[in-house]
Structures are given as structure tokens and as C-alpha cells.
Amino acid sequence: MSHPYLLTPGPLTTSARTKAAMLDDWGSWDKAFNQLTASICHDLLKISNASSRHVCVPLQGSGTFAVEAALGTLTFPESVVLVPVNGAYSQRIVTILQRLKRRYVVVQGPEKSPISFDVISQILDENPLITHLAIVHCETGTGVLNPLQSITELARGRGVEVIVDAMSSFGALPIDLSQLDLLALISASGKCLEGVPGMGFVITREESLLAARGNSSSLALDLTDQWTYLQKTGQWRFTPPTHVVAALAEALNQYWAEGGQPARHSRYSEMCTRLVRKMSDLGIHSYLAPEYQAPIIVTFLAPPSPAYSFQRLYKIVRQRGYILYPGKLTEIETFRIGCIGAIDGAVIDGAVSAVQHALQEMGVL
Ligand SMILES: *Cc1c(COP(=O)(O)O)cnc(C)c1O
């Protein structure tokens with residue numbers, strides 16, 4: 001049997017062309033590889049409509065490495081970071097700040113809804129010492145889309161710097177740096193850009209990056225050092241994930257050929273709508289109200305039947321060629337299905353029919 005489709009928020013299903021781009025070996029100091037690095041950074045800046053003030057700093061590792069590097073480099077020991085928490089990934093930002101021994105203020109919101117503009121506004125009014133706001137754009141824990149634009153404008157109006165974890169939205173949802181004055185925009189190779197996992201990147205203002213020199217207490221996660229070295233040599237500071245970079249370059253070629261961000265957004269939206277509709281035909285409903293749902297990953301409520309088990313659902317669906325994702329909510333039982341990756345309507349249909357088969361086999365339907 002061929003390898004299963006990944007209906008997960010990364011790693012995700014990649015195209016044959018992207019996989020094939022990993023068949024060559026690259027010298028990390030070779031000019032051809034340096035050009036590849038320069039070209040992906042150029043593309044990533046273009047996707048975010050960055051200006052000449054912005055730079056893109058690539059970093060080895062999964063997305064969390066880039067989040068930790070951005071927080072550790074771009075905040076100062078005296079900074080106070082406001083973190084609105086409405087899911088697992090915003091909670092992870094809090095954990096990182098604790099490890100970094102940075103001061104922070106947490107606003108806990110319900111997981112079912114986006115971060116509230118009014119609540120953030122009130123907290124900013126009450127806490128004039130807050131210097132930074134760290135927000136997750138699409139909370140992959142549930143699939144909620146947070147109001148990036150209005151919250152960023154609110155924070156910038158008070159002189160607060162904004163750091164965005166756009167891991168699961170970058171490339172698919174519009175993020176325009178000419179409209180949004182962000183200190184850091186963070187994402188990674190293996191999500192909506194449809195590359196393979198292994199590198200993150202941080203898009204920031206060069207001026208802010210240089211002013212942050214000396215902040216990072218980590219050697220490997222120091223973005224200012226990483227950037228300075230890249231500037232000077234055209235090379236990554238330590239061994240780059242060469243195959244990941246090559247795959248991302250090829251994935252970006254396909255991204256532009258597809259029509260860039262608007263096209264990717266519209267394909268993912270179609271996948272998401274189709275998935276939610278077909279699952280609801282089976283009697284399986286999504287956790288979020290449709291107006292809060294980002295077209296990235298959908299959280300479904302587990303059927304209330306005692307015959308249901310995620311383990312069995314996973315196993316049966318896996319045998320039919322699709323990989324699902326467990327839920328990340330503490331209170332209620334859910335599971336998640338991603339609608340991103342190199343997939344089309346036939347993949348969604350196949351996955352839903354595998355779910356139907358599994359529910360029948362378990363005696364839930
Ligand atoms: C995937 C993801 C991350 C990074 O997670 P890793 O496990 O390190 O890849 C961070 N934030 C969000 C919102 C994500 O979706």
C-alpha cells in the first residue's frame with residue numbers, strides 16, 4: 001500500500017516534486033546552496049509583503065525552536081510580555097517565557113473563541129509596564145483564528161511590540177507587513193508552505209534584530225548571531241538542514257505556480273468546508289462555530305457513544321490510508337483533521353469515508 005496521507009497540521013502531505021527535491025546532497029558551504037538559502041529567504045519576505053527594513057532569519061529545528069529563538073532574542077531582560085492564551089500553542093509560549101525567565105502577563109480566554117479585543121485592551125490599560133504582546137495567529141490546538149490585525153493595531157497604538165506565532169497560517173492566510181507593524185513573524189517549512197519539517201524562520205526588522213544583540217542566553221537560538229553570520233558569509237551558522245531547504249525551495253516554486261497565498265487560501269478553505277460538511281453528514285460535528293474556524297485544522301467532537309475510542313478510529317482510518325490527529329482539549333473528547341498539505345477534494349472524501357467505515361466497524365454509527 002502506498003504511504004498514508006497526513007491530515008495533520010505538519011508534518012503534512014507533500015507533493016512528489018517536493019519529495020524528489022530531497023534526492024540530492026548539498027554542501028553547506030557551497031555557493032549553490034547559499035543561493036538556495038538566499039532564494040527561500042527572498043520568497044518568504046515576498047509572501048509577507050516585507051519592506052527593505054525587514055530580514056528573514058532561517059533557523060534549524062522545528063517551529064518551536066524558532067518561537068523560542070524569537071522570544072529569547074527579541075525581548076529584553078526587563079521586558080514584560082502579554083500572552084493571550086486560548087489553546088495549546090499560546091500556552092507553549094508561556095512555558096518558553098518561564099524557561100527564559102522573562103516576565104509575562106497571561107490572559108486566559110476560552111478555547112472555543114478568538115482572543116477578545118476588549119479584554120486585551122483593558123489589560124493593556126491596566127498594565128502600562130507591558131512592552132510586548134505574543135500572539136498565536138491560528139491556534140492549531142483547536143483551529144481558532146485569532147484577530148491578528150485588530151489586536152496588532154491595538155498594541156502598536158500603545159507602543160507595544162508584537163510577536164506573532166504564524167506557524168500554521170503563514171502562506172495560507174494573508175499577513176501583510178506593510179499593514180501590520182510586527183516585531184516578529186514566525187513560521188516554519190513544514191506547514192502551509194508544504195515543505196518538510198526541519199527549519200523555522202523569523203521575519204523581523206533588521207534594526208530591531210541588531211538592537212537585540214546580547215539578549216539571547218542560548219548560543220544555538222541566537223537570531224542576531226545567526227543573521228550576522230548569514231549576512232557575512234551567505235551560510236548558516238551551524239550545519240543547515242540542507243534537504244529541508246532544498247525541499248522548501250521546490251515547494252515554494254509550486255506555491256507561486258499555484259497562485260501564491262490567495263490560491264492556497266482558497267484551496268484550503270474548500271477542503272475545510274468540504275470536510276466539515278461531509279463529517280456533519282455522518283453526525284460528527286465541529287467544536288468551533290464556523291465564523292471562528294480557520295481553514296487549517298478542524299476539531300471534531302467525539303461521538304458520545306461508549307463504543308467510540310480514538311485509538312480504534314485512528315487505527316482503522318490508518319489502515320485505509322489516512323492519518324488523523326488526536327484532540328488537544330482537556331475538558332472534552334475531540335479529535336482533529338487537518339485540511340492543509342498537498343491534498344485535494346478526493347483525499348478529503350477518502351478520509352471521511354474511512355472515518356465512516358471506522359465508526360460503523362466500532363458500532364458507533
Ligand atoms: C506547529 C506549530 C508550532 C510548532 O510546533 P513544532 O512541534 O515545534 O513544530 C507552533 N505554533 C503553532 C501555532 C503551530 O501550529
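Counting convention: from 1, in listed order, for ligands and their atoms alike. Atom set for the values below is all heavy atoms of this structure, side chains included, hydrogens, waters and symmetry mates excluded.
Looking only at atom types and distance, the side chain of Y287 has no donor-acceptor partner in the side chain of E111 under 3.5 Å away. Using modelled atom types and a 3.5 Å distance limit, the side chains of S90 and E139 yield a donor-acceptor pair. Counting only N and O atoms by type, the side chains of S168 and K191 include no donor and acceptor under 3.5 Å apart. No side-chain donor-acceptor contact under 3.5 Å links S79 and R103. T239 and Q60 share no side-chain donor-acceptor pair at under 3.5 Å.
Of all protein heavy atoms, the one closest to atom 9 (O) of ligand 1 is G63 N, 3.5 Å. Among all non-hydrogen protein atoms, the one lying nearest atom 3 (C) of ligand 1 is M167 CG, 3.4 Å.
R336 places no side-chain N or O within donor-acceptor distance of the main-chain N or O of L324, the cut-off being under 3.5 Å.
At least one heavy atom of V136 sits under 4.0 Å from some atom of ligand 1. Residue contacts with ligand 1 include K191, since one or more of its heavy atoms lies under 4.0 Å from the ligand. Residue contact check for ligand 1: C138 places a non-hydrogen atom closer than 4.0 Å to it. At least one heavy atom of R92 lies less than 4.0 angstrom from ligand 1.
The distance from ligand 1 to the heavy atoms of S168 drops below 4.0 Å at these ligand atoms: 15 (O). Short contacts between ligand 1 and T140, defined as distances under 4.0 Å to a heavy atom of the residue, involve ligand atoms 12 (C), 13 (C), 14 (C), 15 (O).
Between E206 and R53 no salt bridge is recorded (no basic side-chain N to carboxylate O distance below 4.0 Å).
Around atom 10 (C) of ligand 1, the closest heavy atom drawn from D165, V67, V164 belongs to D165.
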